[in-house]
Amino acid sequence: MTKASSQRSSYGLSKSRISAFEQCPRRLWQQVHAHERSKVDASTQMSFAAGHAVGDLACAQVEHGIMVEAEPDLQAALARTAELVAVADRPIFEATFEHEGVLVRVDILVPEHAPTGVTWHIYEVKSSGSAKAYHIGDLATQYWVIANCGVAIASAAIRHIDTSFVLESPGAYTGIFNDASLLSDISGIAATREAMVKEIRQMLAGDEPVCATGPHCRAPFACEFSAYCSGLEPAGPEWPISELPNTGARLAEKWADDDIFEIAELPEDAGLNPLHARIKEAVRTGEVYLNTEGVRKATADWAYPRIWLDFETIAFAIPRWVGTSPYGQVPFQFSAHVEQADGNLDHIEALELSGQDPRDTIAEALAGLPDSGAVIAWNAGFERRCLRLLAQDVPRHRDALLSLAERTVDLLPVAKNNYYHRDQRGSFSIKAVLPTLLPELDYGDLQVADGGDAQLAYIEATDPDCPEGRRAELAADLIAYCERDTLAMVEIYRKLAGG
Ligand code: SF4
């Protein structure tokens with residue numbers, strides 16, 4: 001063995017590394033050997049934050065538990081765990097075990113005393129609303145390590161969020177978790193771990209494995225090396241069939257059998273639906289499809305004053321406000337451009353960053369919007385849902401909010417039926433359509449540029465430790481972003497209608 005390969009074989013493993021290997025060997029190799037780390041995106045930061053909060057709550061609900069600290073080092077954690085397991089007089093949090101160089105920390109380990117001796121219940125806490133397939137692999141790794149440390153295991157469960165839970169009074173979180181008992185599902189997988197660990201060590205000691213990109217790059221996790229791997233592969237088709245909306249991936253697979261990869265090469269008798277046929281034509285000719293007459297006809301009964309509306313929402317794994325549920329969307333901001341028949345625009349907005357329940361403030365401001373005229377949103381189901389939920393939660397504005405919900409119409413299908421620019425790349429999100437019509441209104445100049453950024457900004461601004469100056473800066477960024485969304489709708493509509 002060379003010096004380099006002996007160094008490589010000494011890398012420790014953990015359940016997350018085994019899980020990365022199961023997704024893709026190259027992903028784990030890159031995680032271990034790559035010098036550059038990719039940036040953690042907004043949604044990953046949100047899910048880390050949710051995971052920590054859920055883990056803390058799960059521990060707080062187990063009485064008399066004791067935490068095994070990872071400090072000063074993991075050797076101390078292993079020794080402390082061994083002491084606590086020997087005494088077996090209370091639940092242990094982050095109990096730490098090692099077998100064959102694989103280190104695991106168990107979220108919650110609970111002893112059960114019987115005449116035949118002590119057995120242990122394993123609980124792995126997850127912030128998801130159910131036990132996922134990859135959780136089973138994680139649990140199997142833990143089971144394999146712990147059982148090989150001589151600990152008798154009575155049960156193994158994923159403790160996950162019950163999304164039907166409703167917070168009935170402040171701090172009343174009993175019942176927020178469900179346990180999915182998985183001992184019978186994991187023992188077979190655990191039996192494969194020994195061989196897998198050997199395979200992983202061999203892989204890590206060698207050169208970077210070659211793995212083609214594919215659907216596995218997105219599930220169960222979006223791989224952080226996708227730009228790197230795509231850059232290593234030969235350039236694909238310029239306008240791939242997979243870009244066709246809804247069924248593109250399936251069509252790409254089907255036509256690959258005939259060596260057809262480009263949208264423009266799809267034959268006349270390919271049986272494309274009208275939208276796909278329109279996209280093919282736009283890709284083939286490079287010409288923009290726009291049916292202004294169709295836009296005007298579809299929107300002729302959208303009465304003035306037109307209210308162009310957009311919400312920003314926050315969803316916590318652990319609900320903060322009475323009447324809300326895990327991952328329930330709670331609006332904390334809206335922007336509305338109110339347009340009169342002569343084209344005059346007024347901007348109305350509300351933003352609640354105190355950290356208190358924002359529903360009342362937002363409902364109050366919404367109730368002040370005009371009580372007639374069409375309410376226009378992009379992908380309007382979301383705005384309609386927000387309005388109905390607010391109507392339910394803030395009864396004093398129920399009628400005004402339900403009226404807004406009933407008057408809500410959708411600009412997205414109007415665009416979908418009457419417009420296509422090939423640079424949309426098959427997407428009808430407002431962020432895909434806007435730059436093809438109004439590049440000057442793009443979001444590139446904004447600090448908050450999408451819904452994920454907006455949620456992170458909300459969390460930072462509502463932290464009691466956030467300095468006033470920073471909070472004001474975040475508020476300005478949020479207002480600029482939400483306002484841009486509704487102004488973009490107005491201007492997109494004007495372009496589509498030929499105005
Ligand atoms: S992008 Fe795909 S192929 Fe590349 S390391 Fe990640 S999962 Fe593997």
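FYI, side chains are in, hydrogens and waters are out, and symmetry mates aren't considered; it's all heavy atoms of this structure. Worth saying up front: this structure is predicted, and the values here are computed from it rather than measured.
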Are the side chain of R27 and the backbone N or O of C223 linked by a donor-acceptor pair below 3.5 Å? no

Is any side-chain N of the basic residue among K126 and D138 closer than 4.0 Å to the acidic one's carboxylate O? yes

Which atom names give the shortest non-hydrogen contact between I176 and A317, and what distance separates them? CD1-O, 4.4 Å

Is a side-chain donor or acceptor of E168 paired with a backbone partner of V322 at a separation under 3.5 angstrom? no

Polar side-chain atom of E262 near backbone of W239 as donor-acceptor pair, under 3.5 Å: yes

When you measure from the side chain of R484 to the backbone of D442, do you find a donor-acceptor pair of N or O atoms at a distance under 3.5 Å? yes

Should we count NE2 of H64 as having more than 12 external heavy atoms under 6.0 Å? no

Any chance CD of E83 has more than 12 other-residue heavy atoms, nucleotides or ligands included, within less than 6.0 Å? yes

Side-chain contact, heavy-atom cut-off 4.5 Å: R388 with R384? yes

H52, NE2: over 12 other non-hydrogen atoms inside 6.0 angstrom: no

With heavy-atom distances below 4.5 Å as the criterion, would you say the side chains of K15 and V145 are in contact? no

Should R80 and E69 count as an ion pair when the cut-off is N to O under 4.0 Å? no

Student check: side-chain heavy atoms of I122 and L109 closer than 4.5 Å: yes

Do the side-chain N and O atoms of Q142 and E124 include a donor-acceptor pair separated by under 3.5 angstrom? yes

Spacing of F48 atom CZ and S127 atom OG [to the nearest 0.5 Å]: 10.5 Å

Please round to the nearest 0.5 Å and tell me the distance separating atom OG of S187 and atom CG of L182. 10.5 Å

N273 (side chain) donor-acceptor with L275 (main chain) under 3.5 angstrom: yes

What one should report as the nearest heavy-atom pair of A252 and S242 is CB-N, 3.8 Å

Candidate list E22, R193, H99, test side chain to side chain donor-acceptor pair (under 3.5 Å), partner T141, passing option: R193

Does the ring center of F165 lie less than 6.0 Å from the ring center of F177? no

Centre-to-centre under 6.0 Å for W378 and F428, is that the case here? no

Do Q30 and Y228 meet the criterion of a side-chain donor-acceptor pair at a distance under 3.5 Å? yes

Would you indicate whether the side-chain heavy atoms of I153 and Y143 approach each other to under 4.5 Å? yes

Hey, does W120 have a side-chain heavy atom less than 4.5 Å from the side chain of V110? no

So how far is it from T436 OG1 to R422 CZ, rounded to the nearest 0.5 Å? 12.5 Å

Side chain to side chain donor-acceptor pair (under 3.5 Å) between H160 and S128: does it pass, once the steps are laid out? CA-CA 6 Å; H160 62 84; S128 55; 5.8 Å; no

Show, in sequence, the C-alpha distance, side-chain angles and deciding distance for R359 and T324, and conclude whether the side-chain contact (heavy atoms from CB on, under 4.5 Å) test is met. CA-CA 10 Å; R359 288 172 294 176; T324 62; 3.5 Å; yes

Any donor-acceptor pair under 3.5 Å from Y134 side chain to A219 backbone: no

Might you work through the side-chain contact (heavy atoms from CB on, under 4.5 Å) test for M203 and L28, ending with a clear yes or no? CA-CA 9 Å; M203 186 274 295; L28 175 60; 4.0 Å; yes

Shortest non-hydrogen contact from S427 toward S429: OG-N, 3.1 Å

Side chains of V283 and E243 in contact at under 4.5 Å (non-hydrogen atoms): no

Donor-acceptor contact present, side-chain W29 to main-chain G206, <3.5 Å: yes

Taken to the nearest 0.5 Å, the spacing of I146 CD1 from N148 CG works out to 10.5 Å

Measuring from atom CG of L139 to atom CH2 of W144, what distance do you get when rounded to the nearest 0.5 angstrom? 14.5 Å

Under a 3.5 Å cutoff, is there a donor and acceptor pairing between the side chains of D450 and Y481? no

Between Q61 and T174, a side-chain donor and acceptor under 3.5 Å: no

Spell out, as yes or no, whether a donor-acceptor pair under 3.5 Å connects the side chain of Q333 to the backbone of T313. no

Side-chain donor or acceptor of D463 paired with backbone N/O of D465 under 3.5 Å: yes

Close side-chain approach of I136 to I158, heavy-atom, < 4.5 Å: no

Side-chain H-bond candidate by donor/acceptor type, T96 with E98, under 3.5 Å: no

Among R17, E224, R26, find the one that has a side chain to side chain donor-acceptor pair (under 3.5 Å) with Q31. E224

Contact summary for D453 and Q447, nearest pair of heavy atoms: OD2-O, 3.9 Å

Should the ring pair Y458 and F316 be called parallel, tilted or perpendicular, given that the plane angle runs from 0 to 90° and is split at 30 and 60? tilted

Minimum heavy-atom distance between H113 and A88, given as atom pair plus value: NE2-O, 2.6 Å

Does the pair I241 and E253 meet the rule for a side-chain contact (heavy atoms from CB on, under 4.5 Å), with working shown? CA-CA 9 Å; I241 293 169; E253 217 171 288; over 6 Å; no

Would you verify whether the NZ or CZ of R159 falls within 45 degrees of the ring axis of Y123 while also being under 6.0 Å from that six-membered ring's centre? yes

Nearest atoms (heavy-atom pairs only) where C59 meets F93: O-CZ, 3.3 Å

Is any side-chain N of the basic residue among E473 and R470 closer than 4.0 Å to the acidic one's carboxylate O? yes

Identify whether the distance between the nearest side-chain nitrogen and carboxylate oxygen of R425 and E238 falls below 4.0 Å. no

Are side-chain heavy atoms of L204 and H33 found at a separation under 4.5 Å? yes

To the nearest 0.5 Å, tell me how far I318 CD1 sits from S325 OG. 13.5 Å

side-chain contact (heavy atoms from CB on, under 4.5 Å) assessment of I108 paired with I92: CA-CA 6 Å; I108 301 171; I92 309 171; over 6 Å; no

Applying side chain to side chain donor-acceptor pair (under 3.5 Å) to H216 and Q23, what does each step give before you reach the verdict? CA-CA 7 Å; H216 69 282; Q23 181 173 359; over 6 Å; no

Is the backbone of T247 close enough, under 3.5 Å, to the side chain of H276 for a donor and an acceptor to pair up by distance? no

